[in-house]
**Student:** 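Below: one structure in structure tokens.
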Amino acid sequence: MRVAVLTGAALLSGAAQAQTAVITADKMIDVLTGKTVDFPAVFVGPDGRITSIADARTVKWGSDVTHINMSGKTLLPGLIDMHVHLDGPADIGGYRGLEFTDSFWGMTAVGSAQAMLKAGFTTVRNVGSSNRNDIGLKQAIQNGYATGPRIVPAGYALGATGGHCDSTFLPPSLEKSDKEEGIADSEDELRYQVRRQRKYGAEVIKVCATGGVFSRNTEPGQQQLSERELRVIADEAHQWGLRVTAHAHGAEGIKAAIKGGIDTIEHASLVDDEGIKLAVARPRPVWFSMDIYNTDYTQAEGAKNGVLEDNLRKDREVAQIQRDNFRKAHKAGVRMVFGSDAGVMPHGLIGGQFKIMVQYGMTPMEAIQAATRNAAQALDREKDVGAIAVGRFADIIAVDGNPLADVRELESVDAVIKGGKVVQ
């Protein structure tokens, strides 16, 4: 699809701020009100933020304002994925990872970031990476050396020795003399790791509260950090102004994380009724980020990619339970955000999750809000992203059809604008 970039011929009357661009379309989805706006004209200032929104049929602009013409299309806010691993190619699983040198993974992250941006995701939260690849890539994008979405990086994920966030694929003879980065076994060590990740650029703290699907020698339902340990992490992070997210498949680990003050629960696969009630009732908001799409890919392609049968077995065991619990949690009123676990599946295909979210109980608007308004709230970045609104970055996508009638429109977006500039 070609985006028409034209120049207006008349003067924008009453403009209080400098305008560098105006984006027009037939319709715009306002995720804050849940309504559709006809013929929007979104004006963008020199800093890439939205300065005003008007009716394109009546407003005028000067010849110095670039016109980005999305005639016939529907505008939405740039999408937000709250659970990605940019330095994890989906087609390399299990022991195949040992074929590559350490710096290989950071190189692959560049292409993954581009794929996500092209898919319409203008902001992503990277929840754990090796060698702080997510922080380095964020810096490269910000400084113009790479193309990609806005990244909220975690650096190294925190966890217990032998737990999901600790490498268990190698024999003891190949272990480092010290613990792996992020691994801690006391409250003081966990507190130190929070401070250390922040020191080197983390903007969110990721912790592994339970075992996982794609680790070795752990089971998804197995709790690996206590409620007290999780509270130490949350309190320390909150003191520094950071949000905390917990990988938590198992029911007991989910409840411990909620009680401990964790902000976002990742996966939430085996959540029970008590955990759902705790999530709904907790005064400090807690959000569920449930990756209910990627199992289609992992079961179809995992063995070919080198994923171990034990990992595929765990994936099969939790997949349908997680989807059923997504429906149950949403129906009960749990706050939900969009999280794909991109890296487990190809980064460019994650728009396919919207249809599964709708299949399991959400309306198309609710699914879109999970990836926009809700995600911005959970990130504490409502001033910057998550809606087409004055003051926020002009991060906008366009589709040909109506995603409120067919949410699969979001599987292939037609244009992507980041900071008021067309990037796709």
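Given the structure is predicted, the values throughout are model-derived calculations rather than measurements.
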**Student:** With the threshold set at 4.0 Å, does a side-chain nitrogen-carboxylate oxygen contact exist between Lys328 and Asp273?
**Tutor:** yes

**Student:** Before giving the answer on side chain to side chain contact (heavy atoms under 4.5 Å, CB included), spell out for Met365 and Leu404 the whole-Å C-alpha distance, their side-chain angles and the decisive distance to 0.1 Å.
**Tutor:** CA-CA 6 Å; Met365 177 62 82; Leu404 297 181; 4.0 Å; yes

**Student:** Within the distance-only criterion (no hydrogens, no angle test), does the side chain of Lys259 pair as donor or acceptor with the backbone N or O of Leu278 below 3.5 angstrom?
**Tutor:**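 It does not hold such a pair.
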
**Student:** We want to know whether His164 and Ser215 form a side-chain donor-acceptor pair, criterion being a heavy-atom distance below 3.5 angstrom.
**Tutor:** yes

**Student:** So Val152 and Arg381, do their side chains get closer than 4.5 Å, heavy atoms only?
**Tutor:**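 Counting from C-beta outward, Arg381 and Val152 do come under 4.5 Å.
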
**Student:** Please say whether more than 12 non-hydrogen atoms of neighbouring residues, nucleotides or ligands are located less than 6.0 Å from CZ in Phe169.
**Tutor:** yes

**Student:** Under 3.5 Å, side chain of Arg373 to main-chain N/O of Gly386, donor-acceptor pair present?
**Tutor:**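 No: the side chain of Arg373 does not pair with the backbone of Gly386.
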
**Student:** Would you say CZ of Arg316 has more than 12 non-hydrogen atoms from neighbouring residues, nucleotides or ligands within 6.0 angstrom?
**Tutor:** yes

**Student:** For Lys179, is the NZ atom crowded, meaning more than 12 foreign heavy atoms sit under 6.0 Å from it?
**Tutor:** yes

**Student:** Using the side-chain hydrogen bond (donor to acceptor under 3.5 Å, both in side chains) rule, pick out the option among Gln193, Arg195, Arg231 that qualifies with Glu236.
**Tutor:**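 Among Gln193, Arg195, Arg231, the one that satisfies the side-chain hydrogen bond (donor to acceptor under 3.5 Å, both in side chains) with Glu236 is Arg195.
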
**Student:** Would you please say whether a donor-acceptor pair under 3.5 Å links the side chains of Gln322 and Asp291?
**Tutor:**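 Gln322 vs Asp291: donor-acceptor pair found between side chains.
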
**Student:** Could you tell me whether Asp263 and Arg284 make a salt bridge, using a distance below 4.0 angstrom between a side-chain N and a carboxylate O?
**Tutor:** yes

**Student:** Working to the nearest 0.5 Å, report the span between CG of Asn305 and CZ of Arg96.
**Tutor:**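 Asn305 CG to Arg96 CZ: 7.0 Å, rounded to 0.5 Å.
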
**Student:** Among Arg198, Lys138, Arg132, which residue meets the salt bridge (Lys or Arg N to Asp or Glu O under 4.0 Å) test with Glu203?
**Tutor:**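 Checked Arg198, Lys138, Arg132 against Glu203; only one passes salt bridge (Lys or Arg N to Asp or Glu O under 4.0 Å): Lys138.
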
**Student:** Can you see which heavy atom on Ala319 is nearest to which on Thr295, and at what distance?
**Tutor:**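 Looking at all heavy atoms of both residues, the shortest contact is CB-OG1, 3.6 Å.
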
**Student:** Are Lys27 and Asp38 close enough, and set up right, to give a salt bridge (charged side-chain N to carboxylate O under 4.0 Å, His left out), and what steps lead you there?
**Tutor:** CA-CA 5 Å; Lys27 295 184 181 299; Asp38 291 331; 2.8 Å; yes

**Student:** Using side-chain heavy atoms (C-beta onward) and a distance below 4.5 Å, is Leu379 in contact with Arg243?
**Tutor:** no

**Student:** Please test Trp105 against Asn131 for side chain to side chain contact (heavy atoms under 4.5 Å, CB included), starting from the C-alpha separation and ending with a verdict.
**Tutor:** CA-CA 9 Å; Trp105 308 100; Asn131 300 318; 5.8 Å; no

**Student:** So, for Val413 and Lys118, which heavy atoms are closest and what is the spacing to 0.1 Å?
**Tutor:**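 Closest approach of Val413 to Lys118, heavy atoms only: CG2-O, 3.4 Å.
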
**Student:** Quick one, Arg125 and Thr264 - any side-chain contact, counting heavy atoms below 4.5 Å?
**Tutor:** yes

**Student:** Would you say Arg323's side chain and Tyr360's backbone share a donor-acceptor pair under 3.5 angstrom?
**Tutor:**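 Checking the backbone N and O of Tyr360 against the side chain of Arg323, no donor-acceptor pair under 3.5 Å is found.
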
**Student:** To the nearest 0.5 Å, what is the distance between CD (Glu229) and CD (Glu187)?
**Tutor:** 6.5 Å

**Student:** Please check: side-chain N/O of Lys418 versus main-chain N/O of Gly148, any donor-acceptor pairing under 3.5 Å?
**Tutor:**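 Judged by distance alone, yes, a pair lies under 3.5 Å.
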
**Student:** I need the Ile80 CD1 to Thr123 OG1 distance, nearest 0.5 Å.
**Tutor:**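 Nearest 0.5 Å value for the CD1-OG1 distance: 5.0 Å.
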
**Student:** Give a yes or no on whether a salt bridge exists between Glu252 and Lys255, defined as a side-chain N under 4.0 angstrom from a carboxylate O.
**Tutor:**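 Looking at Glu252 and Lys255, the cut-off is met.
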
**Student:** Check the pair Phe43, Val59 against side chain to side chain contact (heavy atoms under 4.5 Å, CB included), reporting the backbone distance first and the verdict last.
**Tutor:** CA-CA 11 Å; Phe43 287 89; Val59 75; 4.0 Å; yes

**Student:** Specify whether His247 and His249 have parallel, tilted or perpendicular ring planes, treating 30° as the upper limit for parallel and 60° as the lower limit for perpendicular.
**Tutor:**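 Perpendicular, since the angle between the ring planes exceeds 60°.
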
**Student:** Quick one: does Glu409's side chain have a donor or acceptor within less than 3.5 Å of a partner on Gly401's backbone?
**Tutor:**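 Yes; judged by distance alone, with no hydrogens or angles, the pair exists.
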
**Student:** Over all heavy atoms of both residues, which pair between Ala398 and Met70 is shortest? Give the atoms and the distance, please.
**Tutor:** CB-SD, 3.9 Å

**Student:** Report yes if some heavy atom in the side chain of Asp134 is under 4.5 Å from a heavy atom in the side chain of Asp87; otherwise report no.
**Tutor:**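 No, side chains not in contact.
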
**Student:** Please list all pairs meeting side chain to side chain donor-acceptor pair (under 3.5 Å) that have one or both residues in residues 144-155, counting only residues at least two apart or in different chains.
**Tutor:** Arg150-Asp395

**Student:** Ile29 and side chain to side chain contact (heavy atoms under 4.5 Å, CB included): which partner among Val399, Ile388, Leu75, Leu76?
**Tutor:** Leu76

**Student:** CD/Gln224 to SG/Cys165 distance, rounded to the nearest 0.5 angstrom?
**Tutor:** 8.0 Å

**Student:** What's the shortest heavy-atom distance between Ile205 and Ala237, and which atoms?
**Tutor:**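 Reported closest heavy-atom pair: CG1-CB, 4.0 Å.
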
**Student:** Salt bridge check, Arg327 against Asp324: does any charged N sit closer than 4.0 Å to a carboxylate O?
**Tutor:**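 Arg327 and Asp324: not salt-bridged.
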
**Student:** With side chains defined as the heavy atoms from C-beta onward, is the minimum distance between Asp315 and Phe214 less than 4.5 Å?
**Tutor:** yes

**Student:** Contact between Glu227 and Leu230 at the side-chain level, heavy atoms closer than 4.5 Å - yes or no?
**Tutor:**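 The answer is no; the side chains never approach within 4.5 Å.
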
**Student:** Looking only at atom types and distance, does a side-chain atom of Gln197 sit under 3.5 Å from a main-chain N or O of Tyr156, one as donor and one as acceptor?
**Tutor:** yes

**Student:** Glu366 side chain to Ile368 main-chain N or O, any donor-acceptor pair under 3.5 Å?
**Tutor:** no

**Student:** Quick one: CG on Leu270 to CD on Glu317, what's the gap to the nearest 0.5 Å?
**Tutor:**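 It is 9.5 Å, given to the nearest 0.5 Å.
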
**Student:** Checking Asn126 side chain against Leu86 main chain: does a donor-acceptor pair fall under 3.5 Å?
**Tutor:** yes

**Student:** Look at the side chain of Thr210 and the backbone N and O of Pro220, then say whether any donor-acceptor pair between them is shorter than 3.5 Å.
**Tutor:** yes

**Student:** Can you check whether Ala376's main-chain N or O pairs, donor with acceptor, with Asn374's side chain at less than 3.5 Å?
**Tutor:**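 No; zero donor-acceptor contacts below 3.5 Å.
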
**Student:** Quick one: side chains of residues 331-349, donor-acceptor pairs under 3.5 Å with protein atoms, not counting sequence neighbours, listed by atom name and distance.
**Tutor:**
unit_1	atom_1	unit_2	atom_2	d
Ser340	OG	Asp81	OD2	2.5
Ser340	OG	Ala342	N	3.0
Asp341	OD1	His83	NE2	3.1
Asp341	OD1	His85	NE2	3.4
His347	ND1	Ser112	OG	3.4
His347	NE2	His85	O	2.8

**Student:** Show your working on side chain to side chain contact (heavy atoms under 4.5 Å, CB included) between His67 and Thr24 and close with a plain yes or no.
**Tutor:** CA-CA 8 Å; His67 181 199; Thr24 62; 2.7 Å; yes

**Student:** Are Asn325 and Phe288 close enough that some pair of their side-chain heavy atoms sits under 4.5 Å apart?
**Tutor:** no

**Student:** Closer than 4.0 angstrom, basic N to acidic O: yes or no for Asp406 and Lys355?
**Tutor:** no

**Student:** Provide the closest heavy-atom pair for Gly253 versus Ala209 in the form atom of the first, atom of the second, distance.
**Tutor:**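 Between these two residues, the closest heavy atoms are O-CB, 4.3 Å.
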
**Student:** Considering only heavy atoms from C-beta outward, does the side chain of Ile233 approach that of Leu225 to under 4.5 Å?
**Tutor:**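 Yes - at least one pair of side-chain heavy atoms lies under 4.5 Å apart.
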
**Student:** Grab the two heavy atoms, one from Thr298 and one from Leu312, that are nearest each other, plus how far apart they are.
**Tutor:**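 Taking every non-hydrogen atom into account, O-CD2, 3.5 Å.
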
**Student:** Could you tell me the separation between the CD1 atom of Ile356 and the CZ atom of Phe354, rounded to the nearest 0.5 Å?
**Tutor:**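 If we round to the nearest 0.5 Å, Ile356:CD1 and Phe354:CZ are 12.0 Å apart.
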
